[in-house]
Protein chains: 2
Amino acid sequence: MIRLLLADDQALVRGALAALLDLERDLEVVAQVGRGDEVVSAALAAQADVALLDVEMPGLDGIAAAAALRAGAPSCRSLIVTTFGRPGYLRRALDVGASGFVVKDTPAEQLADAVRRVHSGLRVVDPDLAVASLTVGDSPLTEQETRVLTLAADGGTVAQVAGEAHLSEGTVRNYLSAAMGKTGGRTRAEAVRIARDNGWL
Amino acid sequence: MIRLLLADDQALVRGALAALLDLERDLEVVAQVGRGDEVVSAALAAQADVALLDVEMPGLDGIAAAAALRAGAPSCRSLIVTTFGRPGYLRRALDVGASGFVVKDTPAEQLADAVRRVHSGLRVVDPDLAVASLTVGDSPLTEQETRVLTLAADGGTVAQVAGEAHLSEGTVRNYLSAAMGKTGGRTRAEAVRIARDNGWL
DNA sequence: AGGTCGGCATGACATTCGTCATCTCGCCCC
DNA sequence: GGGGCGAGATGACGAATGTCATGCCGACCT
């Protein structure tokens, strides 16, 4: 009997996944949480074998949660289940010790198999995404560029970003300029979009 | 026995919802599609009573699909099930004749009840969203403003948008300026964000 | 000590943007 | 025919943005 933990911020999806997986004879959902920062404690309390983690979650994102699991509950393997097939997500997830990465586009029948493979120590990776991850490569952005770009992502002015980042206004422009150069975007907004699509944010 | 049609572009979510709803004695999933433009034909072929429609779908979005259902398969009621609780979505969905609107945050147990209520002719509306819809109101943007803002949404420059829209460069700026005024955003990107959050795009 | 390098700031410059008043043209209405 | 009206265009102007060269400073070699 494989003991499962579900982490997804959408209660409906969580419950539906639980229903789907509980249909399998050898699977058992023993915990559900809606926030990333509750994953480790729930995994410990429920003695979960495998954690299904969404990437977009309040508190702690799924990748960070996988890292926390690795540290705090090493016997629990993690399988990232996410809406967005961003190459950077896959790379970061594997870097952090996740055992599997599945996008929500995959047929429902394959999920249980993915869980079993992960539980038996194998790695499960979406093949399309794997090649995308290779062609796109790692994020070319430095830490600061990422930070500034993230702050600028919701459309604030340079002055606002400079204030939030405790940087000079000119420096912010420099970082944004560098980020635009590296992403190939001609505009700040375009750079944000490209970085998002690649999972670099 | 209530016959259900599921429409969601994410196969995993679709399958999971099917598993969840099939647990109920009086519910039966008779069709599943991954695109909005397959909804009507599938509903007719399967003689569905209620259609669960996601908003974000390729081909035709869930709201347009609900409208198409109203016209092409009037005996099938539609229940919008969406990730994003955008007030504008709710309003448009109701305008178009949808019988219910549920966000994916709601507990899984309530979904079956929502389906039953919709089937019996009642309307199901998320109460929080209903008040939000009242306070936010309808989109203040004109058709052109919406179009230009949508084109500008992915970060292109004014010249690009002008080319795609077959408008003068100055006119584009005028529309963007108007859109920023109406949304309250100080920046083009911010206007995009606000319009998106309200479901005006 | 000297040298190099990365993070941050500064200043100057050409574009681009956001704003506004104004003009044209087609359309509807009386 | 005349008057309004809305969509689109134009032009001008100040502010914000994108780009680049340069200066400063602390860290880290050797």
Side-chain angles (χ1 to χ4, degrees), chain A residues 88 91-92 95 136-201, chain B residues 88 91-92 95 136-201:
Chain A
R91 176 176 296 261
R92 277 192 282 154
D95 283 351
V136 166
D138 212 352
S139 171
L141 303 175
T142 76
E143 185 180 344
Q144 302 288 345
E145 287 159 4
T146 309
R147 199 165 68 98
V148 170
L149 197 59
T150 305
L151 288 175
D154 45 10
T157 167
V158 173
Q160 289 177 18
V161 175
E164 297 172 27
H166 301 291
L167 288 178
S168 148
E169 198 162 321
T171 306
V172 168
R173 283 205 292 258
N174 284 355
Y175 280 130
L176 287 178
S177 185
M180 295 190 307
K182 291 180 181 176
T183 55
R186 304 214 145 277
T187 290
R188 180 189 326 188
E190 198 173 359
V192 168
R193 191 177 54 77
I194 295 173
R196 273 228 182 92
D197 287 350
N198 287 327
W200 293 340
L201 281 195
Chain B
R91 175 177 297 261
R92 279 192 281 154
D95 282 351
V136 166
D138 210 354
S139 171
L141 303 175
T142 75
E143 186 180 343
Q144 303 289 342
E145 287 160 4
T146 310
R147 198 164 70 99
V148 170
L149 196 60
T150 305
L151 287 175
D154 44 11
T157 166
V158 173
Q160 289 177 20
V161 175
E164 297 172 29
H166 301 290
L167 288 178
S168 149
E169 197 162 322
T171 308
V172 169
R173 280 193 290 193
N174 284 347
Y175 281 129
L176 287 177
S177 185
M180 295 189 308
K182 291 180 180 175
T183 56
R186 305 210 146 277
T187 290
R188 182 190 329 187
E190 199 174 357
V192 168
R193 192 177 55 75
I194 295 173
R196 273 228 181 90
D197 287 351
N198 287 328
W200 294 340
L201 280 196

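Here is the naming used below: chain letters follow the sequence lines, and residue numbers restart at 1 for every chain.
- Within residues 142-153 of chain A, no residue is approached by DNA chain D to less than 4.0 Å at the level of any non-hydrogen atom.
- Smallest separation of non-hydrogen atoms from A/Ala152 and A/Val161: CA-CG2, 3.8 Å.
- Heavy-atom minimum distance, A/Arg188 versus A/Val158: NH2-CG2, 3.5 Å.
- At the phosphate of C/dG7, neither OP1 nor OP2 sits under 4.0 Å from any side-chain N or O atom of A/Tyr175.
- Of all non-hydrogen atoms in A/Leu149 and A/Ala191, the two that sit nearest each other are CD2-O, 4.2 Å.
- With rounding to the nearest 0.5 angstrom, the CD atom of B/Gln144 is 10.0 Å from the OG1 atom of B/Thr171.
- The bend of the helix from C/dA1-D/dT30 to C/dC30-D/dG1, defined by the angle between the axes of its first five and last five pairs, stands at 30° to the nearest 10°.
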5' to 3', nucleotides 11-18 of chain C under a 4.0 Å protein heavy-atom cut-off (B base, S sugar-phosphate only, - none) gives ------BB
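- Here salt bridge (Lys or Arg N to Asp or Glu O under 4.0 Å) pairs that include residues 162-178 of chain A, with residues two or more places apart or in two chains, number zero.
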Solution key, residues 177-187 of chain A side-chain donor-acceptor pairs under 3.5 Å, sequence neighbours excluded:
{"from": "A/Lys182", "atom 1": "NZ", "to": "A/Pro140", "atom 2": "O", "distance (Å)": "3.2"}
{"from": "A/Lys182", "atom 1": "NZ", "to": "A/Glu145", "atom 2": "OE1", "distance (Å)": "3.0"}
{"from": "A/Lys182", "atom 1": "NZ", "to": "A/Glu145", "atom 2": "OE2", "distance (Å)": "3.3"}
{"from": "A/Thr183", "atom 1": "OG1", "to": "A/Ala179", "atom 2": "O", "distance (Å)": "2.8"}
{"from": "A/Thr183", "atom 1": "OG1", "to": "A/Met180", "atom 2": "O", "distance (Å)": "3.2"}
{"from": "A/Thr183", "atom 1": "OG1", "to": "A/Gly185", "atom 2": "N", "distance (Å)": "3.3"}
{"from": "A/Thr187", "atom 1": "OG1", "to": "B/Gly155", "atom 2": "O", "distance (Å)": "3.4"}

Going by atom type alone, with no hydrogens or angles, which donor-acceptor pairs under 3.5 Å involve a side-chain atom of residues 193-201 of chain B and a protein atom two or more places apart or on another chain?
{"from": "B/Arg193", "atom 1": "NE", "to": "A/Asp154", "atom 2": "O", "distance (Å)": "2.9"}
{"from": "B/Asn198", "atom 1": "ND2", "to": "B/Ile194", "atom 2": "O", "distance (Å)": "3.4"}

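- Of all the heavy atoms in B/Ala165 and B/Leu151, the pair that sits closest is CB-CD1, 3.7 Å.
- The nearest whole Å value for the distance from the CD atom in B/Glu190 to the C1' atom in D/dT17 is 16 Å.
- OP1 or OP2 of D/dA9 has at least one side-chain nitrogen or oxygen of B/Thr171 nearer than 4.0 Å.
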